[in-house]
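The analysis underlying the following values was restricted to heavy atoms, covering all of them including side chains, and did not include hydrogens, waters or symmetry mates.
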Amino acid sequence: VVATDIRGHRDAVVPGQTGLLFPVGDYETLASQAVRLLTDAPLLRSMSVAARRRYEECFTIEQFRREMTQFYELALTDMDVSPRLGVVDA
């Protein structure tokens, strides 16, 4: 992966491990990083493996479900919740 260095991409790409980031608008760096990956097969392979591992650990629908469940469970522990009546005291 070669991506612009913006917030969402920084969440997904670990520079030098799962991909390469370049500054917004810096097309020379984009080109050089793309050439670097295309000409360095071992680097491309290692980043591909690491990117797949990161995806499976952080970005699957199952991971999202787990994180949302934990979020709501934590939110509910901060409230007095009655299973039948809903929120009793917020």
As an exercise, state the distance from OG of S32 to CZ of R36, rounded to the nearest 0.5 Å.
8.5 Å
Taking all non-hydrogen atoms of both residues, which atom of L21 and which atom of P15 are closest, and how far apart?
CD1-CG, 3.6 Å
Is there a side-chain contact between L30 and V2, using heavy atoms and a 4.5 Å cut-off?
yes
Considering only NZ, NE, NH1 and NH2 on the basic side and carboxylate oxygens on the acidic side, decide whether R53 and E56 come within less than 4.0 Å.
no
Pairwise distance CE(M68) to CD(E73) - rounded to 0.5 angstrom:
12.0 Å
Intermediate values then yes/no, side chain to side chain contact (heavy atoms under 4.5 Å, CB included), L20 and M47:
CA-CA 9 Å; L20 302 170; M47 284 189 179; 3.6 Å; yes
In the single-linkage hydrophobic clustering (I, L, V, M, F, W, Y; side-chain heavy atoms under 4.5 Å), do L37 and Y27 co-cluster?
yes
Distance in Å, Y72 OH paired with T77 OG1, rounded so as to fall on 0.5 Å steps
14.0 Å
More than 12 foreign heavy atoms under 6.0 Å from CD of E62: is that the case here?
yes
Would you say the side-chain atoms of R54 pair up with the backbone N or O of A12, donor to acceptor, closer than 3.5 Å?
yes
Can you confirm whether the side chains of Q63 and R66 place a donor and an acceptor under 3.5 Å from each other?
yes
Count the heavy atoms belonging to other residues, nucleotides or ligands that lie under 6.0 Å from CZ of F64, then report whether that count exceeds 12.
no
Here the gap from R65 atom CZ to Q70 atom CD, rounded to the nearest 0.5 Å, amounts to 9.5 Å
Closest non-hydrogen atom pair between F22 and T29, with its separation
CB-CG2, 3.7 Å
